[in-house]
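Input: a single structure, listed below in structure tokens.
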Amino acid sequence: MRNQSVSNSLFHKAVLCFLILLSFNSCKPSEAEPEFLLRTALLVNEEHTWYKAFVYFGEILEERTKGRIKVEVYPSEQLAKEVEAIRLIQADVIDMTTTGSTLTNWFEVATFCELPFLMQDSTDMNRYINGPIGKLMEEEMINKSGLRPLGHFERGPRHLTSNRPIRHPDDLDGLIVRIPNVPSFVTLWKALGAKPTPMAFSEVFTSLQQGTIEAQENPFALVNNAGFAEVQKYLNLTGHVMSWVYPVMGEKQFERFPPDLKKIFLEAAKDMQAYEHHLFLENEKNVQEELKAKGMEFIEVDKDAFQQKCEEAIYNSLSPDMKKIYDQLKEEKDAS
């Protein structure tokens, strides 16, 4: 009986201790909720520089605002595909994403983000971004799509991957090429003799694997990031587009910030761009060797033949207003 009494006493003491601990924990202050929780939808996975840049952005924002702003980053189209992400931002469901020429669905001048064979290198690209065309694009973005650009990320040249070598436009005959939903890309690959197929990025790997499409085109980093070396043998150095992407936030979401948070937010966005650019430059040094190590064979192409075959079709696809801008950009480029 004595042992049972001791046992009961120990049990009651244990219960009492548990209740005291429970009471103590319930009295602990819960982690403060942020004033602004920003959800970010990205098409790239966690290894890509855009994802890493947004994670960094979230860290410095949370620190500099003392927890008033928090950023959640969802990679690999977990929240939405690119066009859908823009619509969700406009509907005030999510807050941020990255986008570029897909914005042609809202305003025409966005076509210059990725117009084939217009820019040859990053010098050309930065001249356009920081010049009148870049300013016009930013104004149109806010006024016509309700998105605020937070800077820009350089993408590097786009190249074609395939399972047969492509050296000349004649080699493209009938090739089914996945493209993003961008009108100038449809024009480009039709003029070159391929069969362009618009498709969400998240569907590309499986479609290549199953043979629904035969080729795709993207910068080195995205080719590597998406694992396309597993399903594509050749990386054909077409360099047909020099492009950039905008990290963006909904304008109405931005306008909800008080003045002090707006200032901190925009300064942090500049730091995010600088951070991403450093990562981009480091990655560009290594990514080509990584793709070769994974078995991809790099093919030199007749770039002049590619450009000559599609240049007229691309120009004729532009509206009169866009033709004027195109002519202006060509004149600036020739003068430089």
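These numbers come from the heavy atoms of this one structure, side chains and all, not from hydrogens, waters or symmetry mates. Along the sequence shown, the residues carry numbers beginning at 1. Values in this document were obtained by computation on a predicted structure and should not be read as measured data.
When hydrophobic clusters are built by joining Ile, Leu, Val, Met, Phe, Trp and Tyr residues whose side-chain heavy atoms come closer than 4.5 Å, directly or via intermediates, Leu79 is grouped together with Val248. In the hydrophobic clustering of this structure, Leu42 groups with Met199; members are Ile, Leu, Val, Met, Phe, Trp, Tyr whose side-chain heavy atoms approach within less than 4.5 Å, directly or through other members. Using a 4.5 Å cut-off between side-chain heavy atoms of Ile, Leu, Val, Met, Phe, Trp and Tyr, with links allowed through other members, Val177 and Ile299 fall into different hydrophobic clusters. A chain of hydrophobic side-chain contacts below 4.5 Å, direct or via other Ile, Leu, Val, Met, Phe, Trp or Tyr residues, connects Met119 to Tyr315.
With hydrogens and angles ignored, the 3.5 Å screen pairs a side-chain donor or acceptor of Asp95 with a backbone N or O of Arg39. Looking at Asp170, its side chain never comes within 3.5 Å of a backbone N or O of Asp173 through a donor-acceptor pair. Side-chain atoms of Gln253 come within 3.5 Å of backbone atoms of Ile94 as a donor-acceptor pair (strictly under, hydrogens ignored). Between the side chain of Gln90 and the main chain of Ser145, a donor-acceptor pair closer than 3.5 Å is present. In this structure, the side chain of Ser76 does not engage the main chain of Gln78 through any donor-acceptor pair within 3.5 Å. Remark: the backbone N or O of Ala41 is paired with a side-chain donor or acceptor of Thr97 at under 3.5 angstrom. Looking only at distances, no side-chain donor or acceptor of Ser101 sits under 3.5 Å from a matching main-chain atom of Thr111. Of the possible donor and acceptor atoms, one in the side chain of Arg164 sits under 3.5 Å from a partner among the backbone N and O of Asp171. No donor-acceptor pair under 3.5 Å is formed between the side chain of Ser122 and the backbone N or O of Met125. In this structure, the side chain of Thr104 does not engage the main chain of Glu108 through any donor-acceptor pair within 3.5 Å.
The two residues Glu35 and Arg68 come nearest to each other via the heavy atoms OE2-NE, 2.7 Å. Contact between Met137 and Phe112 at its shortest, heavy atoms only, is CE-CB, 4.0 Å. The minimum heavy-atom distance between Leu222 and Arg155, with the atom names listed, is CD1-NH2, 3.4 Å. Minimum interatomic distance between His48 and Ala221 (heavy atoms only, all atoms of both residues): NE2-CB, 4.0 Å. Taking both residues in full, the closest heavy atoms of Thr161 and Ala215 are given as O-CB, 3.0 Å, listed atom of the first, atom of the second, then distance. In terms of heavy-atom proximity, Ala194 sits nearest to Leu175 at CB-O, 3.3 Å.
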Problem set entry | Derivation and outcome, side-chain contact (heavy atoms from CB on, under 4.5 Å), residues Phe153 and Met272 | CA-CA 10 Å; Phe153 298 157; Met272 171 176 66; 4.1 Å; yes
Problem set entry | Worked check of side-chain hydrogen bond (donor to acceptor under 3.5 Å, both in side chains) between Tyr51 and Asn225 | CA-CA 11 Å; Tyr51 175 84; Asn225 186 248; over 6 Å; no
For this session: For Leu103 and Met141, run side-chain contact (heavy atoms from CB on, under 4.5 Å): C-alpha distance rounded to whole Å, both residues' side-chain angles, the deciding distance at 0.1 Å, then the answer.
Result: CA-CA 8 Å; Leu103 290 168; Met141 207 178 307; 3.9 Å; yes
For this session: Decide side-chain contact (heavy atoms from CB on, under 4.5 Å) for Leu281 and Lys285; before the verdict, give the C-alpha distance in whole Å, the side-chain angles of both, and the deciding distance to 0.1 Å.
Result: CA-CA 7 Å; Leu281 293 176; Lys285 293 177 184 176; 5.6 Å; no
For this session: Determine, stepwise, if the pair Glu72 / Tyr74 fulfils side-chain hydrogen bond (donor to acceptor under 3.5 Å, both in side chains).
Result: CA-CA 7 Å; Glu72 292 180 348; Tyr74 296 86; 2.8 Å; yes
Exercise. Can you check side-chain hydrogen bond (donor to acceptor under 3.5 Å, both in side chains) on Ser162 and Glu214, steps first, answer last?
Worked result: CA-CA 6 Å; Ser162 61; Glu214 300 172 293; over 6 Å; no
For this session: Could you walk me through whether Lys135 and Asn130 pass side-chain hydrogen bond (donor to acceptor under 3.5 Å, both in side chains), step by step?
Result: CA-CA 7 Å; Lys135 301 304 178 191; Asn130 297 317; 5.4 Å; no
For this session: Begin from the C-alpha positions of Glu138 and Ile142 and carry the test side-chain contact (heavy atoms from CB on, under 4.5 Å) through to its verdict.
Result: CA-CA 6 Å; Glu138 292 179 7; Ile142 291 173; 5.8 Å; no
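Ring centroid separation for the pair His159 and Phe220 comes in under the 6.0 Å cut-off. Ring centroids of Phe36 and Phe257 are separated by less than 6.0 Å, placing the two rings close together. Annotation: Phe57 is in aromatic contact with Phe265 [ring centroid separation under 6.0 Å].
Counting non-hydrogen atoms of neighbouring residues, nucleotides and ligands closer than 6.0 angstrom, the CD atom of Glu63 reaches no more than 12 such neighbours. Around NE2 of His168, the count of heavy atoms belonging to other residues, nucleotides or ligands within 6.0 Å exceeds 12. Within 6.0 Å of NZ in Lys52 there are more than 12 heavy atoms belonging to other residues, nucleotides or ligands.
In this structure, the separation between CD on Gln307 and OG1 on Thr238 is 12.0 Å, given to the nearest 0.5 Å. Interatomic distance, CD1 of Ile176 versus CH2 of Trp189, reported as 14.0 Å (0.5 Å rounding). Taken from CD in Glu251 to CZ in Arg148, the straight-line distance is 4.0 Å, to the nearest 0.5 Å. Once rounded to the nearest 0.5 Å, the distance linking CG of Leu237 with CD of Glu300 reads 5.0 Å.
Lys262 has a carboxylate O that lies under 4.0 Å from a charged side-chain N of Glu255, or vice versa, which qualifies the two as a salt bridge. Salt bridge annotation for Lys70-Glu62: absent, with no cationic side-chain nitrogen under 4.0 angstrom from a carboxylate oxygen. A salt bridge is defined here as a Lys NZ or Arg NE, NH1 or NH2 lying under 4.0 Å from an Asp or Glu carboxylate O, and Lys309 with Asp302 fails to meet this definition. Ion pair Asp271/Arg64 flagged as a salt bridge, since at least one NZ, NE, NH1 or NH2 atom sits closer than 4.0 Å to an Asp/Glu carboxylate oxygen. Residues Lys330 and Glu311 are paired through a salt bridge, judged by an N-O separation under 4.0 Å between the basic side chain and the carboxylate. Using a 4.0 Å cut-off between a side-chain N of Lys or Arg and a carboxylate O of Asp or Glu, Glu217 and Arg158 qualify as a salt bridge. In summary, Glu267 and Lys263 engage in a salt bridge, as defined by a charged side-chain N under 4.0 Å from a carboxylate O. Residues Asp92 and Arg256 are paired through a salt bridge, judged by an N-O separation under 4.0 Å between the basic side chain and the carboxylate.
At a threshold of 4.5 Å between non-hydrogen side-chain atoms, the residues Cys310 and Leu188 count as touching. Considering only heavy atoms from C-beta on, Lys294 comes within 4.5 Å of Asn224 through its side chain. Contact of the Phe54 side chain with the Thr98 side chain is registered, since non-hydrogen atoms from C-beta on lie closer than 4.5 Å. Counting heavy atoms from C-beta on, the side chains of Lys270 and Leu266 never come closer than 4.5 Å. Using a 4.5 Å cut-off on side-chain heavy atoms (C-beta onward), Gln273 and His152 make contact. Looking only at side-chain heavy atoms (C-beta outward), Thr197 and Ile179 stay at 4.5 Å or farther from each other. No side-chain heavy atom of Val241 sits less than 4.5 Å from a side-chain heavy atom of Leu115.
Just one residue in the list Val223, Asn163, Leu291 forms a side-chain contact (heavy atoms from CB on, under 4.5 Å) with Gln232, and that residue is Asn163.
Using cut-offs of 30° and 60° for the angle between ring planes, the Phe228 and Phe201 rings count as perpendicular.
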